[in-house]
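Data first, discussion second: the structure below is written as structure tokens.
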Amino acid sequence: MNTLLMTPGPTYIKENVRLALAKEITNPDLDLEFFDFYKNICSKLQLLLNTKNKTLVLAGEGILGLEAACASLIEDGDKVLCIENGIYGEGFGGFGKMYGGRVDYFHGNKRKGIDINQLENFLKENHDYKIATLVHCETPSGITNPVKDICKLLNSYNIISVVDAVSSIGGEEVYVDDWNIDIIVGGSQKCLSAPVGLTFLSLSSKALDAINNRTQPIRGFYTNLSVWNTWYEDKWFPYTQPISDLYAFDVALDNILEDKEGVISRHSKYATALRNTLKYSGLELFPKTHSSNTVSTILVPIGLNYRDIFNKMLKEHNIMIAGGFDFLQDKVFRIGHMGENCYEDKLYLTLKALDSVLRDLGLNLEKHLHKEFVNQL
């Protein structure tokens with residue numbers, strides 16, 4: 001029996017996506033039809049992201065997209081604002097420094113979404129930034145930040161926004177154009193339930209202008225987004241394309257786009273039911289506000305040990321959940337409910353197993369998790 005992966009990515013891959021990996025390959029540099037195939041993927045991403053901006057798919061996990069955005073935008077001495085309320089948000093500042101930026105931090109509450117009023121007050125006095133980085137879904141802590149309001153605020157000061165949406169695209173609402181997002185970055189292995197290995201992004205005209213009108217050359221080639229400027233017109237890819245991964249990604253996109261609105265509502269429905277179940281059963285979520293619709297982060301109950309919970313879930317029930325790291329090491333456990341993991345049967349099995357594990361470890365739950373979950377639907 002295969003292990004049930006209920007982690008916040010990688011997620012379960014649907015059969016038609018896995019079958020696409022077996023499709024006969026071509027030579028992407030010589031087959032003109034492949035350029036149109038790639039272009040069509042980019043058009044599907046525009047539909048998914050609700051944007052008319054230029055979109056690209058890069059051969060590398062999501063971090064490649066985040067680094068490429070920073071490498072392509074930031075020049076020595078540029079002022080960069082790192083808006084953070086968690087591990088991933090703070091980590092963005094490292095990319096800013098790596099590429100010569102002068103990084104300032106806006107620190108939010110680690111257990112709450114970014115407070116837009118506090119950020120607005122900060123920017124009134126401090127807004128001479130070229131770029132601001134932020135995270136939509138702060139995956140380690142299970143918080144979804146109000147990107148819509150943040151990016152509109154940044155745009156009012158003409159600050160270029162770079163948004164890590166790796167764990168939210170396909171599970172949370174995203175309207176790139178309406179929200180004035182300049183660069184948004186996603187990953188294949190999260191809510192889109194495709195194989196690990198691809199990152200995708202969209203670039204606004206403001207972001208492209210900044211990239212193409214630098215005074216300093218971009219450091220690196222693989223992280224240089226300007227090399228993609230005329231890829232279709234010239235029928236030239238900067239590097240050999242990951243053909244099989246793109247075939248699978250294309251099918252995964254079709255799966256999402258067939259019912260785009262339904263996918264978002266499904267994530268919201270099951271996330272809400274799961275959060276209520278955990279709360280009414282006596283467990284405590286790490287987020288105090290802005291809980292994510294794609295991952296739930298739960299505090300390890302007093303007297304219990306994360307490793308014991310993880311091991312019993314895996315060894316006795318063949319279900320893999322995730323833990324925390326950095327300041328959340330051994331303090332939380334996480335259940336991913338994104339993409340193909342976000343269905344009633346998988347969540348029911350997970351909660352039934354978790355109910356058994358926690359009771360075996362001596363925790364007196366106020367409700368049976370799996371039964372309460374059904375009541376909440």
Exercise for the section: Not counting sequence neighbours, list each pair that qualifies as a salt bridge (charged side-chain N to carboxylate O under 4.0 Å, His left out) and has a residue in residues 118-129. Expected result: K79-D128
Exercise for the section: Mind checking salt bridge (charged side-chain N to carboxylate O under 4.0 Å, His left out) for E344 and listing every partner two or more places apart, or none if nothing turns up? Expected result: none
Practice task
Answer yes if the side chains of N212 and N229 hold a donor-acceptor pair under 3.5 Å, and no otherwise.
Solution key: yes
Exercise for the section: Using the test side-chain hydrogen bond (donor to acceptor under 3.5 Å, both in side chains), find all partners of T199 that sit at least two apart in sequence or belong to another chain. Expected result: none
Practice task
May I ask you to establish whether K367 and Y280 are in a cation-pi arrangement, using a distance under 6.0 Å from NZ or CZ to the six-membered ring centre and at most 45° from the ring axis?
Solution key: no
Exercise for the section: Could you list the residues that satisfy ring-ring contact (aromatic ring centres under 6.0 Å, His included) with Y270, not counting sequence neighbours? Expected result: none
Exercise for the section: Starting from I13, walk the hydrophobic network (Ile, Leu, Val, Met, Phe, Trp, Tyr; side-chain heavy atoms closer than 4.5 Å) and list everyone else you reach, by chain and number. Expected result: V17, V251
Handout entry: Partners meeting salt bridge (charged side-chain N to carboxylate O under 4.0 Å, His left out) with E261 (sequence neighbours left out)
Key = none
Problem - Close side-chain approach of L203 and N53, heavy atoms under 4.5 Å - result: no
Exercise for the section: Identify, with sequence neighbours excluded, every residue that meets ring-ring contact (aromatic ring centres under 6.0 Å, His included) alongside F373. Expected result: none
Handout entry: Rounded distance (nearest 0.5 Å) linking atom OH of Y247 with atom CZ of F37
Key = 6.0 Å
Handout entry: Pair listing, ring pair (Phe, Tyr, Trp, His ring centres under 6.0 Å) test, anchored in residues 112-171, at least two apart
Key = F106-F122, H127-Y157
Problem - NZ/NE/NH1/NH2 to OD/OE distance under 4.0 Å, E173 and K260 - result: no
Exercise for the section: Taking only Lys NZ, Arg NE, NH1 and NH2, and the carboxylate oxygens of Asp or Glu, determine whether K44 and D250 approach each other closer than 4.0 Å. Expected result: yes
Handout entry: Donor-acceptor side-chain pairing of Y99 and E67 below 3.5 angstrom
Key = yes
Practice task
Indicate whether any N or O donor in one side chain lies under 3.5 Å from an N or O acceptor in the other, for T215 and E75.
Solution key: yes
Problem - Qualifying residues under side-chain hydrogen bond (donor to acceptor under 3.5 Å, both in side chains), relative to D31, sequence neighbours excluded - result: T26
Completion exercise
Excluding I143, membership of its hydrophobic cluster (Ile, Leu, Val, Met, Phe, Trp, Tyr; side-chain heavy atoms within less than 4.5 Å) reads none
Practice task
Kindly state whether the ring of F333 and the ring of F310 have centres lying under 6.0 angstrom apart.
Solution key: no
Practice task
Compute whether any side-chain donor of one residue and acceptor of the other, for S193 and T11, lie under 3.5 angstrom apart.
Solution key: yes
Practice task
Identify, with sequence neighbours excluded, every residue that meets salt bridge (charged side-chain N to carboxylate O under 4.0 Å, His left out) alongside R334.
Solution key: none
Handout entry: Residue pair E372 / S281, side-chain donor-acceptor N/O under 3.5 Å
Key = no
Fill in the blank from the handout: Across all chains, not counting sequence neighbours, the side-chain hydrogen bond (donor to acceptor under 3.5 Å, both in side chains) partners of N155 are K206
Problem - Centroid separation Y38 to Y232 less than 6.0 Å - result: no
